[in-house]
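As structure tokens, the structure follows; a few thoughts come after it.
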Amino acid sequence: MTENEKAHGPEHEQDLTRRKVIMAGGAVVAAVGVGGGLAMTASASESTATTGPSGTASSTSSAAETCYKLTSETTEGPYYIDADKLRQDITEDKEGIPLTLTLKVIDSDTCKPISNAAVDIWHCDALGIYSGYESLSTGGGGAGGGTPPTGAPSGTPTGTPTGEPPSGPPSGGTGGGGHEEPTDDERYLRGTWRTDKQGRVTFRTIFPGWYRGRTVHIHTKVHVDGKWTDAGYEGGHTCHTGQFFFDEESVLASAEVEPYSTSTTERTTLTEDHIYDQSGTAGGLLKLKYDKKHIAKGVLGSLTMGVAPDETHDGT
């Protein structure tokens, strides 16, 4: 598949009890409003129910609680940097279609929102390049990706291969392989922020691009049971590691806008991707709102993640 996004191997287990986020200069970004907040409406992966005084089910909408199936877990990929930037606006100076991403974290068992959780997101830029790993990324459009090799390969192996063949999907998101150490100091399109009392958190970023072997996606982690201090977020464990995905209509629309339109990389569609499990919102498919004729004006994305807060899913 691709060298861009190999999954972590078991050798990269994180000791999250030593997890610590340093808030640079104490500066934070104000919460981003999305037209007064995006409504989290019921979908095929959700069900609504209430319990009346007698303990029987009721359909009273005013008191209804929305329950969500457990959101699909994935591996974190090779380009995760542990909570390096405590902020909501992760755009920095990257060009692209503005994306406001509103997420809600809810306990899939009790249906209650999870407040004070630390949510990480990270993704590539409009041309498929990851910050911290620019020399390893293979995006299109003449940006990054390193220098391709020249000449004929040497040291061609001979004989019959031995041992068991590799199992699982090819690399590019969840296959074999392990964590890559950062190769540069860039940290654009990465950030961590806390959920509010309703379990919501909002990030401001750009619509991601694509690279060889993967459909358009955003990575995420949810950390719970830690403490927010003057120094940042400490301790706790990772209860969810997943990815967010974009429907084909929105990706095709973005591909008409610069700098996405300059990409020379072959795109993997949503149905071809080996990470997305085709289960809709339960699998991380975002709900998107934008002007169909002018996507360049910006996109609103939202999703509710059903997680198991007592479990550990660190994606390694």
Side-chain angles (χ1 to χ4, degrees), residues 14 16-17 19 21 31 34 37-53 55-76 80 82-83 86 88 101-122 191-203 218-229 232-245 275-277 279-287 301-316:
Q14 300 262 352
L16 291 171
T17 61
R19 169 185 178 81
V21 181
V34 187
L38 291 176
M40 300 295 177
T41 55
S43 71
S45 62
E46 307 160 13
S47 60
T48 58
T50 58
T51 302
T56 57
S58 168
S59 60
T60 305
S61 59
S62 61
E65 288 184 329
T66 303
C67 300
Y68 295 76
K69 291 182 179 179
L70 198 65
T71 303
S72 301
E73 300 289 337
T74 72
T75 53
E76 68 183 33
Y80 176 56
D82 190 9
L86 198 65
Q88 289 179 276
L101 183 62
T102 298
L103 307 170
K104 183 175 182 179
V105 182
I106 193 168
D107 186 324
S108 64
D109 185 38
T110 66
C111 307
K112 294 181 179 180
I114 299 176
S115 62
N116 292 319
V119 179
D120 300 330
I121 67 167
W122 70 101
T192 302
W193 199 249
R194 67 194 299 172
T195 56
D196 62 16
K197 293 181 179 180
Q198 287 74 44
R200 288 190 173 90
V201 61
T202 298
F203 291 97
I218 294 175
H219 293 268
T220 189
K221 280 180 177 286
V222 179
H223 312 277
V224 295
D225 294 336
K227 293 182 178 180
W228 293 90
T229 69
Y233 185 79
E234 302 178 357
H237 66 278
T238 305
C239 69
H240 175 68
T241 299
Q243 296 181 26
F244 305 127
F245 300 94
I275 305 302
Y276 176 58
D277 62 11
S279 64
T281 52
L285 186 65
L286 291 169
K287 301 174 184 178
S302 65
L303 188 74
T304 292
M305 293 181 280
V307 305
D310 294 332
E311 298 181 10
T312 296
H313 296 285
D314 56 16
T316 58

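All residue numbers in this chain count up from 1 along the given sequence.
- The shortest non-hydrogen separation linking Ala308 to Leu70 is N-CD1, 3.6 Å.
- To the nearest 0.5 Å, the span separating OG1 on Thr75 from CD1 on Ile275 amounts to 5.5 Å.
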- Candidate pair Val224 and His237, rule side-chain contact (heavy atoms from CB on, under 4.5 Å), full reasoning: CA-CA 6 Å; Val224 295; His237 66 278; 3.5 Å; yes
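- Of all heavy-atom pairs spanning Ser72 and Gly283, the tightest one is OG-CA, 3.5 Å.
- Considering OG of Ser302 and CG of Leu103, their distance stands at 8.5 Å, rounded to 0.5 Å.
- Expressed to the nearest 0.5 Å, how far CG of Asp120 lies from OH of Tyr80 amounts to 4.0 Å.
- Thr192 OG1 to Asp82 CG: the interatomic distance, rounded to the nearest 0.5 Å, is 7.5 Å.
- A donor-acceptor pair is defined here as one N or O able to donate and one able to accept, closer than 3.5 Å; such a pair exists between the side chain of Thr241 and the backbone of His313.
- Rounded to the nearest 0.5 angstrom, Thr304 OG1 and Lys287 NZ are separated by 6.0 Å.
- Side chain of Glu234 to main chain of Lys227: no donor-acceptor pair is present (N/O by atom type, distance under 3.5 Å, no hydrogens or angles).
- The aromatic rings of His219 and Trp122 sit parallel, their planes meeting at an angle under 30°, below the 60° perpendicular limit.
- Between the side chains of Asp314 and Thr312, no donor N or O sits under 3.5 Å from an acceptor N or O.
- Without hydrogens or angle criteria, Thr195 side chain to Asn116 main chain gives a donor-acceptor distance under 3.5 Å.
- The NE2 atom of His240 lies 6.0 Å from the OG1 atom of Thr220; values are rounded to the nearest 0.5 Å.
- Taking every heavy atom of both residues into account, Cys239 and Val307 meet most closely at SG-CG2, 3.9 Å.
- Of all non-hydrogen atoms in Thr71 and Met305, the two that sit nearest each other are OG1-CA, 3.3 Å.
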